Amino acid sequence: MQPVLPEVEAASPADGIGKSAADVVIVGAGASGSVAAQRLAAAGVDVVCLEQGDWAHTADYMSAEPEAELAWVQRWNPDPNVRRNLADYPLTGEADIRPVMYNGVGGGLVQWAAMWQPLLASDFKVRSLDGTADDWPIGWDDLAAHYDAVAHDLSVSGLAGDPALPEAGGYPNPPVEIGRVGRSAARGMDRLGWHWWPGANAIASRRHGSLQACQRRGTCMTGCPENAKAIPSLTHWPAALAAGARLVTGARAAQIPLDERGRAVGVVYLDADGAAHLQRASVVMLAANAVGSARLLLLSTSARFPDGLANSSGLLGRRLMQHPYRTVTAVFDEPLESWQGPWGQSIYSLEFAETHPDRDFVRGAKWMVMPHGGPMFAVAEYHEARRQHGFDALWGENFHRAAAEVFGRAFTWGIQAEDLPEDHNRVVLDPAVCDGSGLPTARIEYRMSENSRRMLDFNLARAVEAAEASGAVETLVRGVWPTGIGHVLGTARMGDDPATSVVDRHCRAHDVANLYVIDGGVFVTGGSANPTATIMANARRVADCLLRERAAVEVPG
Amino acid sequence: MSEPRLDASQRAVLTRLADVLIAEGHGMPSASAVDVAGSLIDRCLDAAPVLAAPLGALLEEGAPEAPEGFARRLAAERPDDFAVLSTAVVGSYYLSGEVRRLIGYPGQQPSPVSVAGEPDYLDMLERVYERYPGYREAP
């Protein structure tokens, strides 16, 4: 099926918001786009941001209602194929793990757990250190100041000094109380002599910046009704808009047209009525996440780029990484009030995050402790772990065992595995299925590697030991989550060699001089850390690079 | 609240199916004892409208005389349909104030954070600091 693209020539560059030519047009108002928009606008750059979704208003959350747990069923489910908002595009394909995302102002941060976790220093150089995958063209030092600055902007609460990480500038707020859940988990790690540290979270432990103090509702991933969790609509867009940035919602990017010299002219987008518009700009920045940005580039074919824009390497869309994820739930015979939040990371561990010569896999996993939610979560966890026990063990009068044994008495160790890049894991255009605007949607082709399976098996066994050392009377082990945890990385690899990467170290496309990709797609490897800190820090780095070098950027004539 | 999405006959079927899934026991009431098929299912479907159409269709075919066999067949042979039924029943059951009182669940209520004073885990953190070899340097 041929892509159904709008008539670019019919687009009218009329005056008005989103239509007059801009210095920079950004596609996507999520983690990376928000940082870049704020940074550039504050420096006087004329920025237009195109966002296919709308604003998520605090009043829309269900988190303060008795029905809060039911928000997961549909309205605030992280899977666009379940949620099916107008702004969502379906994700197709047979994949071991299917990505999840939120499409709207704030992007995935609307539903993130706000875990703030910089990459390890070693994560940038795994080829040099471990002989696997590839080195990044940049290192920890290139991002250090940006990690600190974004942590401040997001009102991160945490405790500095973790010996597993390079020294950094600290956090603006003290850590959120780790609660009975965190203390229980920490006791187990202490007995085993394993690394742990209080979790850093972009959740304000006290009123700070644009955020209110956390009230521990535990509904972080379905929307914080207190505005205590950092999302760009609170932390970045007010300042960006005040500085003159223009944000166009309901604008679905469809194509990046080129001029005769091969420079991006701007972005063609479709509004809610399906009308096509051309947003002209001197510089185009893609910040639509590793699936969305790759999809837009693949949609932007031309005689010069028949396989997708900026794809002379053939790597566009490839090397998709997702952080395969499993959990061990530790059940105790004492109350832990484990429905209480925040549902960030209470504590985390990097004990098994590095390669070890005695293990049958390379690289490692990050662990994090989380609360366990309300009774619906308890039932789901109990049933998942005991599915093989049959109907009578789970239903009838035995239904009540789940709440009696698990609810309020459990915490979860989440095990997040580093997913190494493989060319066959990729985003392609679906030949048959379109989004609501008639554009071919993204098909995900992803198979989890044997290295990741071994890594998860090893870490699960260790996490069971940790749970037992904490005093757990029972552990509930779940398989690999078939829908991901919102970490989509690596479809537009950063590198110095145009033959083996899509963008350069400044995240500028090798093939198109005024085109940038600034989201998680540029990750060379994924590390085991939650990626948002690095995505946002890197976006800030790229924005600063552009500000320094904008005079040298080639623009359409 | 929107218009009720289930009619009387569908609610009657739901009552019987819900009791197959959640029977009285362990000091807890059955689904029908807290009237899951009444206002609770309406609240549940308002919160998760995606359940309404498939649940309604299931209740049209659910044999009132043999609810247990029907529920077991769904679980064994039609897992997606069983997921709709069980999610609706469990979600509605835990909206009951009486059920929440019995299991000690106040809901996702606010509970202000205290950051005053030193955390009580610093002794354990000292030990982490002492034994950890330091982060792995990159070239």
Side-chain angles (χ1 to χ4, degrees), chain A residues 62-63 66-71 73-75 82 120-122 124-125 128-129 139-140 161 163-166 173-178 183 186-187 190 193 195-198 205-206 213-219 226 339-340 354 374-376 379 391 395-401 403-404 407-408, chain B residues 19-28 30-31 43-44 46-51 68 71-72 75-76 86-88 90-95 97 99-100 102-116 119-121 123-125 127-129 131-139:
Chain A
M62 300 162 64
S63 308
E67 290 84 354
E69 275 200 294
L70 286 162
V73 176
Q74 178 190 359
R75 288 180 174 164
V82 173
L120 302 173
S122 65
F124 295 93
K125 305 294 176 186
S128 297
L129 289 169
W140 207 95
L165 298 169
N173 293 305
V176 175
E177 163 61 36
I178 69 173
R183 279 194 290 277
R187 278 196 297 273
D190 189 52
H195 172 270
W196 72 275
W197 203 257
S205 57
R206 61 189 176 190
C214 175
Q215 302 290 309
R216 303 189 67 199
R217 276 191 191 269
T219 57
E226 331 291 351
W339 63 86
Q340 287 199 321
E354 293 281 8
M376 284 189 75
V379 169
F391 189 96
W395 301 105
E397 66 178 71
N398 284 328
F399 169 80
H400 305 288
R401 288 186 180 278
F407 169 66
Chain B
D19 272 356
V20 174
L21 300 188
I22 306 179
E24 180 182 355
H26 302 275
M28 296 295 295
S30 67
R43 287 172 57 193
C44 175
D46 280 347
V50 72
L51 297 172
E68 181 163 344
R72 286 177 183 275
S86 59
T87 300
V90 173
S92 301
Y93 184 72
Y94 285 124
L95 288 176
V99 169
R100 290 183 173 209
L102 287 168
I103 64 171
Y105 178 51
Q108 302 304 132
Q109 294 298 308
S111 174
V113 172
S114 170
V115 291
D120 58 2
Y121 48 74
D123 55 333
M124 287 195 287
L125 273 190
R127 291 194 282 278
V128 172
Y129 211 87
R131 68 180 175 249
Y132 197 81
Y135 69 89
R136 193 179 181 201
E137 299 265 10

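Just so we're on the same page: letters track the sequence lines, and every chain starts at 1. Heavy atoms only: backbone and side chains are in, while hydrogens, waters and symmetry mates are out. Here the structure is a predicted model, which is why all the values come from computation and not from measurement.
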Ranked by heavy-atom pairs below 4.5 Å to chain A, first place among B/Pro106, B/Pro133, B/Gly97 goes to B/Pro106
Interatomic distance, CD@B/Gln108 vs CD@A/Gln340, rounded to 0.5 Å, equals 8.5 Å
d(A/Glu397 CD, B/Glu24 CD) to nearest 0.5 Å is 9.0 Å
Answer key: most heavy-atom pairs under 4.5 Å with chain B among A/Arg217, A/Glu69, A/Arg216 is A/Arg217
Heaviest contributor of heavy-atom pairs below 4.5 Å to chain A, chosen from B/Arg127, B/Arg72, B/Glu137, is B/Arg72
Between B/Ile103 and A/Ala403, the two heavy atoms sitting closest are CG2-CB, 4.4 Å
In terms of heavy-atom contacts, A/Arg75 and B/Pro49 come closest through NH2-CG, 3.6 Å
When the 4.5 angstrom heavy-atom criterion is applied to B/Pro139 and chain A, the contacting part is both
Interface check, chain B: of A/Ala121, A/Ser128, A/Gly396, A/Cys214, most non-hydrogen pairs under 4.5 Å belong to A/Gly396
One should read off an interatomic distance between B/Tyr132 OH and A/Trp196 CH2, to the nearest 0.5 angstrom, of 14.5 Å
Tell me whether B/Arg43 contacts the main-chain N or O of A/Pro66 through its side chain, where contact means a donor paired with an acceptor under 3.5 Å.
no
Nearest heavy-atom approach of B/Ala48 to A/Val73 is CB-CG1, 3.7 Å
If one checks every heavy atom of A/Trp140 against chain B at 4.5 Å, the contacting part turns out to be neither
Of the listed A/Glu226, A/Arg183, A/Arg187, A/Arg206, the one with the largest count of heavy-atom pairs under 4.5 Å with chain B is A/Arg183
Chain A shares the most heavy-atom pairs under 4.5 Å, among B/Ala75, B/Gly91, B/Ala76, with B/Gly91
Most contact-rich option vs chain B, by heavy-atom pairs under 4.5 angstrom, among A/Ala71, A/Ser63, A/Ser205, A/Pro175, is A/Ser205
Honestly, the part of A/Met376 sitting under 4.5 Å from a heavy atom of chain B is both
Comparing B/Val128, B/Val20, B/Leu21 against chain A, the one with the most heavy-atom pairs below 4.5 Å turns out to be B/Leu21
From the list A/Pro174, A/Pro198, A/Gly408, the residue making the most non-hydrogen contacts under 4.5 Å with chain B is A/Pro198
Rounding to 0.5 Å, atoms CD (A/Gln74) and OG1 (B/Thr87) come to a distance of 12.0 Å
In this structure, CD of B/Glu68 is separated from CH2 of A/Trp395 (nearest 0.5 Å) by 13.5 Å
If one checks every heavy atom of B/Leu95 against chain A at 4.5 Å, the contacting part turns out to be side chain
Applying a strict 4.5 Å limit to non-hydrogen atoms, the region of A/Ala404 in contact with chain B is neither
So, the part of A/Ala186 with a heavy atom under 4.5 Å from chain B: the answer is both
Of the listed B/Gly104, B/Pro112, B/Gly134, B/Gly107, the one with the largest count of heavy-atom pairs under 4.5 Å with chain A is B/Pro112
- Hey, can you tell me if B/Tyr93 and A/Phe399 have their rings parallel, tilted or perpendicular (30° and 60° cut-offs)? perpendicular
Cut-off 4.5 Å, heavy atoms of chain B, and the answer for A/Phe407 is side chain
Assert top hit (heavy-atom pairs under 4.5 Å, partner chain B, pool A/Ala68, A/Pro375, A/Gly139) equals A/Pro375
Under the 3.5 angstrom rule, does the side chain of B/Arg131 hit a backbone N or O of A/Gly193 as a donor-acceptor pair? yes
Applying a strict 4.5 Å limit to non-hydrogen atoms, the region of A/Leu120 in contact with chain B is neither
Shortest non-hydrogen pair, A/Pro163 vs B/Tyr129, comes out as CD-CD1, 3.9 Å
Next on the checklist: Quick one, A/Asn398 with B/His26, criterion side chain to side chain contact (heavy atoms under 4.5 Å, CB included). Give me CA distance, side-chain angles, the key distance, then yes/no.
Outcome noted: CA-CA 8 Å; A/Asn398 284 328; B/His26 302 275; 3.9 Å; yes
